[in-house]
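Here is the structure we will look at, set down as structure tokens.
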Amino acid sequence: MSVLAMVSAVAGFVKVRYLLDKAVIDNLVFRTHYRVTTAIFFVSCILVTGNNLIGDPINCINDGSIPEHVINTFCWITYTFSIPGRVGSPVGSHVAHPGLGPYVKDDEIIYHSYYQWVPFMLFFQGILFYVPHWIWKNWEEGKIRMVTDGVRGSVIGMKDERKARQKRLVQYIVDTLHMHNAYALGYFFCEFLNFINVILNMFIIDTFLGGTFMTYGLDVLEFANMNQENRTDPMIEIFPRVTKCTFHKYGPTGTIQKHDSLCVLALNILNEKIYIFLWFWLIFLAFLSAIAIVYSLAVLMLPSIREVILKRRFRFGPPTGVSALISKTQIGDFFLLHLLGQNMSMMCFGELLDELSHKLHIENNIPTAPSTMELSPMYTSDKLKLHKETEA
């Protein structure tokens with residue numbers, strides 16, 4: 001199966017899920033985690049396992065005494081190494097390739113074996129970004145999909161049936177008032193878990209790459225702005241294209257022979273591009289997630305923010321009606337209403353809020369003349385006195 005076919009399968013999976021999951025149970029930032037980021041990691045995993053893009057992931061050069069497939073297999077399943085002290089040495093005059101050259105006992109040596117695990121790590125991290133959505137989906141248990149059945153989306157025609165469904169939905173909200181706080185807290189927990197997940201994955205990659213990932217993007221940007229003659233590519237230092245591999249075998253007389261081979265790691269051409277993209281993407285995603293958490297905390301703690309959301313986003317009612325509705329509901333009720341607003345047309349949701357307000361005895365329209373029960377005590381006593389005098 002070609003790489004293009006496998007990537008298309010991942011894209012098709014994401015698209016099908018988007019079409020089938022009609023009920024919206026989260027926000028855009030939340031969906032960016034489990035749809036976009038998971039797809040990025042899965043596609044990256046497919047790319048690094050697609051040998052038809054770059055050929056064999058490793059090719060080692062030796063003196064011909066060792067079969068090519070043997071030395072390639074050995075160096076792939078064990079490790080290769082480079083000398084970081086030789087990275088900045090002039091190529092062609094002092095060293096054959098960056099990070100290679102004669103070394104003495106005191107030279108620092110970096111062993112490279114991570115490339116065997118890159119596809120597994122990318123796949124594992126893709127799953128990690130899906131976990132918060134899986135937790136929230138099981139916590140949510142399809143509530144929004146069930147309660148919005150028949151009124152979800154742009155409903156045209158069947159006005160009587162739509163009105164009946166809206167009335168049942170309003171009655172459900174009234175009957176379950178103040179019973180959705182645990183439901184809302186579950187969502188906020190999963191949203192916070194998304195942010196923790198981004199930070200955790202950044203540290204996982206940093207540990208996996210030997211403590212070089214946290215500054216990887218900054219180093220690449222700094223390298224791009226340096227003088228052409230006085231710069232060292234950080235991508236080559238972290239993802240070397242050519243490394244060394246040592247193979248020992250017995251000679252004709254039984255003595256141990258040491259063979260140093262140069263190994264071309266063609267796979268690192270993809271790895272360096274993938275991880276520089278992941279560095280910028282995870283930084284951007286962490287920033288978005290932090291904003292989403294601040295927004296959720298504001299909604300959780302400040303009723304005035306909930307009023308602004310109803311007024312500005314859903315364009316519902318006069319200020320007095322909105323304030324009264326917010327005072328009658330708790331954070332769980334508001335969160336349920338917020339999700340309903342994302343799944344219903346603006347017209348249908350406005351009608352639902354109007355009916356809910358009337359159901360909760362909230363006056364949304366222009367106040368009418370006060371009734372007898374609402375008159376002041378002084379006015380009421382004067383009216384009774386006048387009535388008695390008339391009877392006399």
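Everything numeric here is computed off the predicted structure, so don't read it as measured data. Along the sequence shown, residues carry numbers from 1.
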- Task: Could you check Ile205 against Leu282 for side-chain contact (heavy atoms from CB on, under 4.5 Å), going step by step and ending with a plain yes or no?
- Result: CA-CA 11 Å; Ile205 298 176; Leu282 292 178; 3.9 Å; yes
- Task: Could you please spell out the steps behind the ring-ring contact (aromatic ring centres under 6.0 Å, His included) verdict for Tyr216 and Tyr275?
- Result: CA-CA 9 Å; Tyr216 184 43; Tyr275 279 100; 7.7 Å; no
- Message: For a side-chain contact (heavy atoms from CB on, under 4.5 Å) check, start with the C-alpha distance between Arg31 and Val24, then their side-chain angles and the critical distance, and finish with the verdict.
- Response: CA-CA 10 Å; Arg31 291 192 291 275; Val24 179; 3.3 Å; yes
- Verify side-chain hydrogen bond (donor to acceptor under 3.5 Å, both in side chains) between Glu351 and Gln166, making sure each step is shown before the conclusion. CA-CA 8 Å; Glu351 292 175 354; Gln166 284 181 197; 3.3 Å; yes
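Ring geometry, Tyr172 versus His180: the interplanar angle falls from 30° to 60°, so the pair is classed tilted. The aromatic rings of Phe284 and Trp281 lie tilted to each other, with the angle between the two planes from 30° to 60°.
Cation-pi geometry between Lys258 and Phe247 is not met: the NZ or CZ atom fails to fall both under 6.0 Å from the ring centre and inside 45° of the normal.
A ring pair (Phe, Tyr, Trp, His ring centres under 6.0 Å) with Trp136 is found for exactly one of Tyr183, Phe189, Phe188, namely Tyr183. Only one option out of Leu267, Ile71, Asn59 pairs with Trp76 in a side chain to side chain contact (heavy atoms under 4.5 Å, CB included); it is Leu267.
A distance-only check finds no donor-acceptor pair linking the side chain of Trp139 to the backbone of Tyr187 [under 3.5 Å]. Judged by distance alone, with hydrogens and angles left aside, the side-chain atoms of Arg35 form no donor-acceptor pair with the main-chain N or O of Tyr130 at under 3.5 Å. A donor-acceptor pair under 3.5 Å is formed between the side chain of Ser345 and the backbone N or O of Cys348. For the pair Asp206 (side chain) and Met214 (backbone), a donor-acceptor distance under 3.5 Å is present. Using a distance-only test at 3.5 Å, with no hydrogens or angles considered, a donor-acceptor pair links the side chain of Asn72 to the main chain of Glu68. Side chain of Asp333 to main chain of Gln330: a donor-acceptor pair is present (N/O by atom type, distance under 3.5 Å, no hydrogens or angles). With hydrogens and angles disregarded, no donor-acceptor distance shorter than 3.5 Å links the side chain of Arg241 to the backbone of Asn268.
More than 12 heavy atoms of other residues, nucleotides or ligands lie within 6.0 Å of NZ in Lys249, so this atom counts as buried by the packing criterion. A 6.0 Å sphere centred on CD of Gln257 holds more than 12 heavy atoms belonging to other residues, nucleotides or ligands.
By the 4.5 Å heavy-atom criterion applied to side chains, Tyr295 and Ile309 are counted as neighbours. With contacts defined as side-chain heavy-atom distances shorter than 4.5 Å, the pair Lys163/Arg165 does not qualify. The shortest distance between side-chain heavy atoms of Phe42 and Ile127 falls below 4.5 Å. In this structure the side chain of Asn27 reaches within 4.5 angstrom of the side chain of Glu191, judged on heavy atoms. Residues Phe280 and Leu221 meet the side-chain proximity criterion, which asks for heavy atoms closer than 4.5 Å. Taking 4.5 Å as the limit, every side-chain heavy atom of Asn201 sits out of range of all side-chain heavy atoms of Val198.
Taking each heavy atom of Arg306 and Thr329 in turn, the nearest pair found is NH1-O, 4.5 Å.
At a cut-off of 3.5 Å, with distance as the only test, no side-chain donor of Ser289 or Asn194 sits close to an acceptor on the other residue. No side-chain donor from either of Gln342 and Asp26 sits under 3.5 Å from a side-chain acceptor of the other.
Separation of the Tyr34 and Phe129 ring centroids does not fall under the 6.0 Å cut-off.
Sulfur-sulfur distance for Cys75 and Cys245: below 2.5 Å, consistent with a disulfide.
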